[in-house]
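Quick notes on the structure that follows.
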Amino acid sequence: MAIRSIATRPFDDQRPGTAGLRKKVRIFQQPHYLENFLQSVFNAAGDFSGATLVAGGDGRYWNREALSVLFRVAAGNGVGRIIVGRHGLLSTPAASHLIRLHEAAGGFLLTASHNPGGPDGDFGVKFDTANGGQAPESLTEAAWRASLEIEAYHVADMPEPELDRLGLQQAGDLQIEVVDPVADYADLMESLFDFPRIRKLLGNGRFRMRFDGLNAITGPYAMEILEHRLGAAPGTVVNAVPLPDFGGLHPDPNPVDAAHLVDWMTGPDAGDLAAASDGDGDRNMIVGRGMVVSPGDSLAVLAEHARRVPGYAGGLAGVARSMPTSRAVDRVAEALNIPCYETPTGWRYFCNLLDAGRVDLCGEESFGTSSSHAREKDGLWAVLFWLNLVAATERSVEELVHDHWQRFGRHAFARHDWFIPDSERAAVVMQTLQENPGRFDGTTLGDVHIERADSFAYHDPVDESVASGQGVRVFLADGSRVVFRLSGTGTQGATLRIYLEKYLPPDADHGGTGPELTAALGAFAAGLARVSELTGVARPAGVI
Ligand code: G16
């Protein structure tokens with residue numbers, strides 16, 4: 001197999017964000033662009049001669065073409081074997097599991113996650129390491145530095161692999177193993193949850209659920225697990241076929257982009273549980289009758305009842321949440337007498353804690369939850385966890401949440417996303433906040449009293465690395481909290497995220513949605529950060 005070195009020039013925009021490199025499809029389609037980035041990862045990650053990698057994508061537009069480039073560059077860098085999902089498909093959690101199952105050296109995931117797809121949409125590349133988790137910041141930064149110095153990439157001349165045929169095939173010196181993308185993952189789920197009990201719930205003729213695959217990767221997984229293995233009624237899984245443009249749906253499971261599910265669950269014909277996942281299958285949204293479960297509450301309820309689920313019957317070593325995620329789980333951890341870690345946004349920050357056995361359950365406000373069974377967040381896993389809890393406790397989704405509020409109080413939560421076309425202006429807002437946030441300590445603005453404010457820095461207790469400047473936290477005297485940070489997953493302009501959390505004690509009135517209960521806090525936060533004054537943008541583009 002001939003290997004050629006192709007001369008190239010650096011692109012200056014290949015710094016990975018919160019989760020890999022995400023750009024418009026057309027940027028990725030520029031000659032040499034993807035090859036440069038992949039080669040930069042290989043240059044930064046060390047020697048892969050003879051190594052096994054896992055590869056796959058969420059099926060979005062350009063998936064196959066990008067995989068073909070990946071095979072050639074991987075073979076050009078001496079990779080010995082690639083395990084790939086049939087049709088080039090793999091969900092992010094399933095890929096994480098395959099890396100661990102096969103003890104692979106890592107994996108490449110072709111996805112822009114919850115970002116829209118199609119020729120005018122987004123594309124992305126995530127790189128996982130041998131633990132099945134996303135590359136740590138040290139590696140993504142090294143890949144970025146390598147991308148600025150690259151002079152050549154290496155490609156193998158090889159025949160195009162047949163991705164629609166299961167089994168082993170040889171493409172030049174590269175061995176390719178095409179696997180069923182669903183089977184191993186479904187087996188893993190069956191080992192964690194009480195399938196017989198869930199089967200009884202789903203088959204009792206009364207419990208009605210809907211899972212929306214949003215025409216993204218989770219359709220085939222949900223079909224196999226929910227309808228085939230658990231006997232859910234045919235039609236429970238909707239929009240189940242992965243399409244290159246997601247059939248025009250926005251593959252982001254949140255109350256705005258998946259409003260049709262919320263409408264069903266708040267209408268006269270509401271079912272018992274509705275859920276959705278995102279483009280690559282790592283996010284989840286859980287909707288009970290008349291109620292969207294906020295991700296922070298979901299994490300807290302799962303932690304509270306984890307012992308009722310076979311895979312967690314021995315209890316949790318600890319829990320972790322990303323910094324902007326509501327502190328509901330902190331109260332549960334305290335009651336369980338287990339540690340609770342606060343990490344920066346980005347699933348990769350949980351991985352050291354998971355590897356070290358310090359935590360078993362993690363969650364993020366961005367509709368991500370998962371456990372030590374993988375090193376990525378896992379959408380269907382969360383749905384199965386909820387089903388298992390409903391089956392084991394004989395309480396509905398909304399009853400479980402209300403019970404939780406009555407015991408621990410409610411952390412009402414919402415996120416205001418300010419889209420700021422000029423990213424430099426967005427940076428000014430953050431810089432202004434970050435310059436000595438302690439100046440807000442003890443001040444009173446209107447009827448809001450600020451106890452203290454800081455710029456969040458994370459000291460990883462496992463490898464002792466430090467990640468600073470991860471957002472500004474403002475703690476209020478009534479137990480509420482506001483957090484400011486810039487999104488790291490967008491592909492144009494900048495999105496300033498303002499996270500709002502209002503604490504209502506156990507005996508308070510818990511009625512209202514998160515956005516309703518935090519609206520006044522949102523106005524206060526925008527004023528504190530002088531968002532409109534500094535950016536010219538009048539209001540948030542989205543409230544979630
Ligand atoms: C990615 C990361 C998550 C993170 C989220 C939010 O999610 O994997 O850990 O919480 O981005 O990112 P941001 O607030 O920076 O936009 P995904 O599902 O897009 O991979």
Side-chain angles (χ1 to χ4, degrees), residues 15-23 57-58 60 90-93 95-96 109-117 121-128 132-137 140 214 216-218 250-254 257 276-285 295-296 298-299 320-326 342-351 353-354 362-370 374-382 413 415-420 423 426 430 456 458 467 469-471 483-499 540-542 544:
R15 187 178 198 172
T18 312
L21 186 68
R22 282 190 200 165
K23 298 283 171 196
D58 61 11
R60 69 180 56 226
L90 270 182
S91 79
T92 288
S96 177
L109 286 136
L110 306 178
T111 171
S113 190
H114 59 289
N115 296 22
D122 294 343
F123 196 78
V125 179
K126 295 201 263 195
F127 177 62
D128 281 358
Q134 282 175 48
E137 197 172 340
T140 56
L214 299 173
I217 193 71
T218 40
H250 194 310
D252 194 357
N254 66 59
D257 295 304
S277 191
D278 68 332
D280 61 331
D282 57 4
R283 295 187 174 207
N284 75 89
M285 178 175 76
S298 177
L299 175 65
R321 62 165 173 80
S322 68
M323 181 271 283
T325 304
S326 91
E342 180 177 37
T343 60
T345 293
W347 201 264
R348 57 191 167 162
Y349 291 102
F350 294 136
C351 290
L353 299 171
L354 289 162
C362 313
E364 295 188 280
E365 56 67 41
S366 54
F367 295 85
T369 335
S370 190
R375 291 295 178 273
E376 291 273 10
K377 52 193 193 282
D378 190 343
L380 260 170
W381 168 92
F413 186 85
R415 193 179 83 200
H416 289 190
D417 289 336
W418 289 71
F419 178 66
I420 298 162
S423 31
M430 280 313 295
F456 180 64
Y458 178 59
Q470 298 294 320
V483 171
F484 302 87
R485 69 174 275 279
L486 293 177
S487 159
T489 57
T491 54
Q492 56 190 6
T495 298
L496 172 70
R497 300 208 194 280
I498 305 185
Y499 308 85
I544 284 175

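Counting starts at 1 for both ligands and their atoms, in listed order.
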key: D280 with R60: basic N within carboxylate O range, under 4.0 Å   = no
ask   = Between E137 and Y349, is any side-chain donor less than 3.5 angstrom from a side-chain acceptor?
value = yes
inquiry  = Counting only heavy atoms closer than 4.0 Å, does ligand 1 sit against the backbone of S487, its side chain, both, or neither?
reply    = both
key: Under 3.5 Å side-chain donor-acceptor pair for T369 and N284   = yes
note = Quick note on ligand 1: atoms under 4.0 Å from a heavy atom of A19 include exactly 1 (C), 2 (C), 8 (O), 20 (O)
inquiry  = Tell me the protein heavy atom at minimum distance from atom 20 (O) of ligand 1, and give that distance in Å.
reply    = R22 NH2, 2.9 Å
note = For P16, the side-chain contact (heavy atoms from CB on, under 4.5 Å) test, sequence neighbours excluded, returns F37, T140, W144
ask   = Using heavy atoms and a threshold below 4.0 Å, how should the contact between D282 and ligand 1 be classified: side chain, backbone, both, or neither?
value = side chain
task = Would you mind running through ligand 1 and noting each atom that sits below 4.0 Å from a heavy atom of R485?
result = 13 (P), 14 (O), 15 (O)
ask   = Of all the atoms in ligand 1, which lie at a distance below 4.0 Å from a heavy atom belonging to D278?
value = 18 (O)
request  = Could you tell me which atoms of ligand 1, counted from 1 in the order shown, lie closer than 4.0 angstrom to a heavy atom of G346?
outcome  = 9 (O)
request  = Give the residue, atom name and distance (to 0.1 Å) of the protein heavy atom nearest atom 15 (O) of ligand 1.
outcome  = G488 N, 2.6 Å
query = Considering only the protein, which heavy-atom contact is closest to atom 12 (O) of ligand 1, and what is its distance?
reply = T489 CG2, 3.4 Å
note = Heavy-atom proximity to atom 1 (C) of ligand 1, picking from R497, E364, K377, H114, points to K377
inquiry  = With a 4.0 Å cut-off on N to O distance, would you call R497 and D417 a salt bridge?
reply    = yes
request  = Show your reasoning for whether side chain to side chain contact (heavy atoms under 4.5 Å, CB included) applies to W347 and S370.
outcome  = CA-CA 10 Å; W347 201 264; S370 190; 3.4 Å; yes
remark   = atom 17 (P) of ligand 1 has as its nearest protein heavy atom S113 OG, 3.0 Å
inquiry  = The criterion is side-chain contact (heavy atoms from CB on, under 4.5 Å); which residues satisfy it with R283, sequence neighbours excluded?
reply    = S113, H114, D252, P253, D278, S366, F367, K377
key: Heavy-atom closest contact (L486 atom, A426 atom, distance)   = CD2-CB, 4.0 Å
note = Taking only non-hydrogen atoms of W347 and a 4.0 Å limit, the atoms of ligand 1 in range are 9 (O)
key: Separation between SG of C362 and CG of L354, rounded to the nearest 0.5 Å   = 4.0 Å
key: Any N or O of E365 closer than 3.5 Å to N or O of ligand 1   = no
key: Ion pair E342/R321, N-O distance below 4.0 Å   = yes
query = Do any nitrogen or oxygen atoms of S366 come within less than 3.5 Å of a nitrogen or oxygen of ligand 1?
reply = yes
key: K126: numbered ligand 1 atoms lying under 4.0 Å from its heavy atoms   = 20 (O)
